[in-house]
Amino acid sequence: MRFLSMIRINENTGLVPSEKLMADMGQLMAEMTREGTLVDTAGLRPTAEGKRIRYAHGKISMTDGPFTEAKEVIGGYAVLEATSMDHAVELTRRFLQVHGDEWNIECEVRQMECGRPDFIENP
């Protein structure tokens, strides 16, 4: 089963990943890739570089970043291959523990629905 682990951060803390954190994270990602539990992962650029597109009541609106009203934002993600939700949570804990004591982050883990929705016709 596939799970999406969304890493939530407060991007206004000014914390920058240290060389040690980057090395430890690289080692963990390589290990999990070899195990077959890490499918994909990436960090996201700051909200100042993003756009928010909203559809409401038949109208589309767009807001340029940064999104100051958002205290926590998605700072990255990991797509995990796990046998259960508990397994996905354990894999996510490994990501969080690499960060050490100075970071204050959280992850939201949700199972992904695989396959194509019924309403899409086969081309």
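Worth saying up front: this structure is predicted, and the values here are computed from it rather than measured. Just so it is clear, the values below take in all heavy atoms, side chains as well, and ignore hydrogens, waters and symmetry mates.
For the atom pair CG (Leu96) and CG (Leu91), the distance works out to 11.5 Å, reported to the nearest 0.5 Å. Put simply, CZ on Phe95 and CG on Leu80 are 6.5 Å apart, with the number rounded to the nearest 0.5 Å. With rounding to the nearest 0.5 angstrom, the CD atom of Gln97 is 11.0 Å from the OG1 atom of Thr92. We find the OG-CG distance between Ser5 and Leu38 to be 10.0 Å, quoted to the nearest 0.5 Å. Remark: Asp40 CG to Met29 CE distance equals 10.0 Å, nearest 0.5 Å. Atom CD of Glu81 sits about 12.5 Å away from atom CD of Glu35, to the nearest 0.5 Å.
Using a 4.5 Å heavy-atom cutoff, the side chains of Arg54 and Ile60 are not in contact. Val73 is listed as a side-chain neighbour of Ile9, based on a closest heavy-atom distance under 4.5 Å. Put simply, the side chain of Ile74 reaches to within 4.5 Å of the side chain of Leu44, judged on heavy atoms. When side chains are defined from C-beta on, His99 counts as touching Met25, because their heavy atoms get closer than 4.5 Å.
A donor-acceptor pair is defined here as one N or O able to donate and one able to accept, closer than 3.5 Å; no such pair exists between the side chain of Gln111 and the backbone of Arg2. Within the 3.5 Å criterion, the main-chain N or O of Gly65 finds no donor-acceptor partner in the side chain of Thr47. Under a 3.5 Å cut-off, the side chain of Thr41 and the backbone N or O of Tyr77 do form a donor-acceptor pair.
With sequence neighbours excluded, the residues satisfying salt bridge (Lys or Arg N to Asp or Glu O under 4.0 Å) with Glu49 are Arg45. Looking at residues two or more places apart in sequence or on another chain, you find a side chain to side chain contact (heavy atoms under 4.5 Å, CB included) between Arg110 and Met6, Glu108. By the salt bridge (Lys or Arg N to Asp or Glu O under 4.0 Å) test, Glu90 pairs with Arg93, sequence neighbours left out. In this structure Lys51 satisfies the salt bridge (Lys or Arg N to Asp or Glu O under 4.0 Å) test together with Asp64, sequence neighbours excluded. Shown here are the side chain to side chain contact (heavy atoms under 4.5 Å, CB included) partners of Met22, two or more places apart in sequence or in another chain: Pro17.
When hydrophobic clusters are built by joining Ile, Leu, Val, Met, Phe, Trp and Tyr residues whose side-chain heavy atoms come closer than 4.5 Å, directly or via intermediates, Met32 is not grouped with Leu4. When the side chains of ILVMFWY residues are joined at heavy-atom separations under 4.5 Å, either directly or via intervening members, Trp103 and Val98 end up in a single hydrophobic cluster. Tyr55 is connected to Met62 through a chain of hydrophobic side-chain contacts under 4.5 Å among Ile, Leu, Val, Met, Phe, Trp and Tyr, so both are in one cluster. Hydrophobic clustering of Ile, Leu, Val, Met, Phe, Trp and Tyr side chains at less than 4.5 Å, counting indirect connections, keeps Val39 apart from Leu28.
Residues in residues 25-34 take part in these side-chain hydrogen bond (donor to acceptor under 3.5 Å, both in side chains) pairs, two or more places apart or across chains: Glu31-Arg94.
Considering all non-hydrogen atoms of both residues, Phe3 and Ala88 come closest at CG-CB, 3.5 Å. Of all non-hydrogen atoms in Thr83 and His87, the two that sit nearest each other are N-ND1, 3.0 Å.
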